[in-house]
Enquirer: 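My questions will all concern the structure given below.
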Amino acid sequence: MTLQAAKRPEGRILLTARWLVGHRDGRHRLYENGEIVFEDGEVVSTGHHFPGEVVRRIDYGNAVIGPGFVDLDALSDLDTTILAYDNQPAWKKGRVWPRSYLEAGPYEMYSREELAFQKKHAFATLIRNGITTALPIASLFYRAWGETAQEFEDAAEAAADLGLRAYLGPGYRTGNQLVEADGRIVTHYDEPRGLAELDAAIDFARRHEGAAGGLIRAMFAPDRIETSTAELLRRTAAAARELDIPVRLHCCQSKIEYDLVLTQHGMSPPEWLESLGFLNERCLLPHGTVVSGSRLVERPGRDLEIIRDAGAAIVHCPLVSGRHGNAVDHFGRYRAMGLKIGMGTDTSPPDMIMNLQVGMILARTMAGSATAVRSEDYYDAATIGGADALGRPDLGRLQPGARADITVFALDRPHSGQVIDPIQTMLLTGHGRDVSTVIIDGRFVMEDRVIPGIDEAADNARAQTQFEGVMARYPQRTHGHPPMSEIFSSSYVVERKEDAA
Ligand SMILES: [Zn+2]
């Protein structure tokens, strides 16, 4: 590949701030008035009193310099949660394809140019939220079937342009849920199509692993367990083993999915994956909320133990789960069990800090205890947890030899409140938009909230126009084909100026 990221500054750079989250002996630690030095994309030193020469010094003042966040389920399209947020059930509101739509021939709701724009727009938004490693996720509800290698060529170009570290692979599937005219939900399979998409994904992975000076890595992204056949999962696992790259598969994320797998295979989702030889330390599994032992599953089982013992990681996305009335039960317990846990944003806003805050609240609510989880437990998951899930000891922590993926988080905003510990303040009052500067692989990809070459206001307007286009096409893909006004409710009665006398 010829993808090229922007040039790095030459020479050693030293950053200082009121706080530095460094790393030593396997744990983060806080250096008050700390310093970090990096050169050629790599951390050289952390701590105090760096003795060597540097070409540039930057002091960020009352701020936290910390590792960039690792987002294992990183929002990469125009999030459609808003369409369903107050418009349920999903099968009545265009989220699940009606059979009539399948028979008419599903089509891409966006053009190649629109999809390329969306990836770049999404990647820039991730950077604005301090995310330095991203594994993109997008909804396949709006696609003809899976994602295409072509759009991931565009995604690789966008990531390289922006300097974002990304694990890329088109989402693919062999099945899709449909709603019949009478409201029953069934699964329609097209295995040859899904296997051909897997072949394209393998080809993409071979061509892109290590591109743009190592910023771009490959992954496999079979979409969801309930849209996968056994053959697709077996072949995926074999290809991932051969190429030694991560595999992400949504499972244990809804009661409907859990019951579908149980009915079809006589096993729970983790039991079925285990029986296929699918599970291992390369597996990343969003969202792990519906499992044996949780309040939604009566059947006894060892779901979490199976995942843990295989070395697979749970991808925890508390914001999107909570919006669906779901939660991991509970984060403190999962950690105590020894499960590997990384974080994902998955929905809009792709604000990792907000996810950590919501996760902490949900964990304490589910546990019925304010001591179930502490701020550093969540901060660990968003940094070390994600990096370890990817088998990357050089990410998610700032210590000599690690990649220079660094964020600067301001503590001096009007809403910041008081500080007794910077991570506790971040988890209490922080926002993604308090991230002022982002450095990835030693490159300054955002400074003072400015990302070179990105016009945020123009991009937001373009995104809104594209989204309205999809909404206008919604009746074609909604059960019974009702008009838009019946699919999307409004909060209050709307009075329009042009209707007024
Ligand atoms: Zn997800």
Side-chain angles (χ1 to χ4, degrees), residues 69-85 90 95-96 118-119 122-123 125-126 129 131 133-143 146-147 155 166-173 175-177 219-228 233 236 246-258 260-261 269-270 273 283-291 294 296 307 312-328 331 334 339-352 354-356 358-359 362 381-382 385-386 389-390:
F69 295 128
V70 178
D71 189 344
L72 300 176
D73 212 19
L75 179 70
S76 69
D77 58 0
L78 303 183
D79 190 30
T80 51
T81 305
I82 184 74
L83 299 178
Y85 196 43
R95 200 80 173 154
V96 184
Q118 290 177 15
K119 293 277 192 314
F123 290 173
T125 309
L126 294 170
N129 283 283
I131 290 151
T133 299
L135 282 67
I137 182 74
S139 174
L140 296 190
F141 294 129
Y142 308 92
R143 313 309 301 273
E147 293 173 321
Y167 282 71
L168 301 177
Y172 53 88
R173 56 179 171 173
N176 187 37
Q177 266 70 54
M219 72 155 167
F220 287 121
D223 188 43
R224 300 158 164 242
I225 190 168
E226 74 272 33
T227 58
S228 298
L233 295 178
T236 295
V247 183
R248 186 184 58 209
L249 176 73
H250 276 67
C251 74
C252 304
Q253 75 162 332
S254 76
K255 176 77 173 146
I256 291 176
E257 165 229 301
Y258 197 94
L260 271 171
V261 174
L273 294 178
C283 291
L284 310 168
L285 309 174
H287 295 257
T289 49
V290 181
V291 290
S294 71
L296 293 172
I307 292 169
I314 300 270
V315 180
H316 179 36
C317 311
L319 183 60
V320 78
S321 297
R323 282 175 174 167
H324 288 90
N326 244 330
V328 155
F331 181 84
Y334 281 34
L339 274 158
K340 276 161 63 176
I341 310 172
M343 300 297 299
T345 54
D346 204 11
T347 190
S348 180
D351 181 339
M352 184 62 84
M354 185 180 187
N355 267 278
L356 304 182
V358 170
L362 288 174
L390 293 170

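Both backbone and side-chain heavy atoms feed into the values below; hydrogens, waters and symmetry mates do not. As the structure lists them, so they are numbered: ligands from 1, and atoms in each ligand from 1.
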Enquirer: Angle subtended at the Zn ion (ligand 1) by NE2 of His287 and NE2 of His250, to 10 degrees?
Expert: 100°

Enquirer: Where does the angle between the aromatic ring planes of Phe220 and Tyr172 fall among parallel (under 30°), tilted (30 to 60°) and perpendicular (over 60°)?
Expert: perpendicular

Enquirer: Without swapping roles, check the side chain of Glu147 against the backbone of Pro170 for a donor-acceptor pair under 3.5 Å.
Expert: no

Enquirer: Which atom, counting only N, O or S, brings Asp73 closest to the Zn ion (ligand 1)?
Expert: OD2

Enquirer: I'd like to know if the side chain of Ser228 reaches the main chain of Arg224, judged simply by a donor and an acceptor atom lying under 3.5 Å from each other, with no hydrogens or angles considered.
Expert: yes

Enquirer: Do Asn129 side-chain atoms and Thr125 backbone N/O form a donor-acceptor pair below 3.5 Å?
Expert: yes

Enquirer: Any N/O/S of Cys317 under 2.8 Å from the Zn ion (ligand 1)?
Expert: no

Enquirer: Hey, which N, O or S atom on Asp346 ends up closest to the Zn ion (ligand 1)?
Expert: OD2

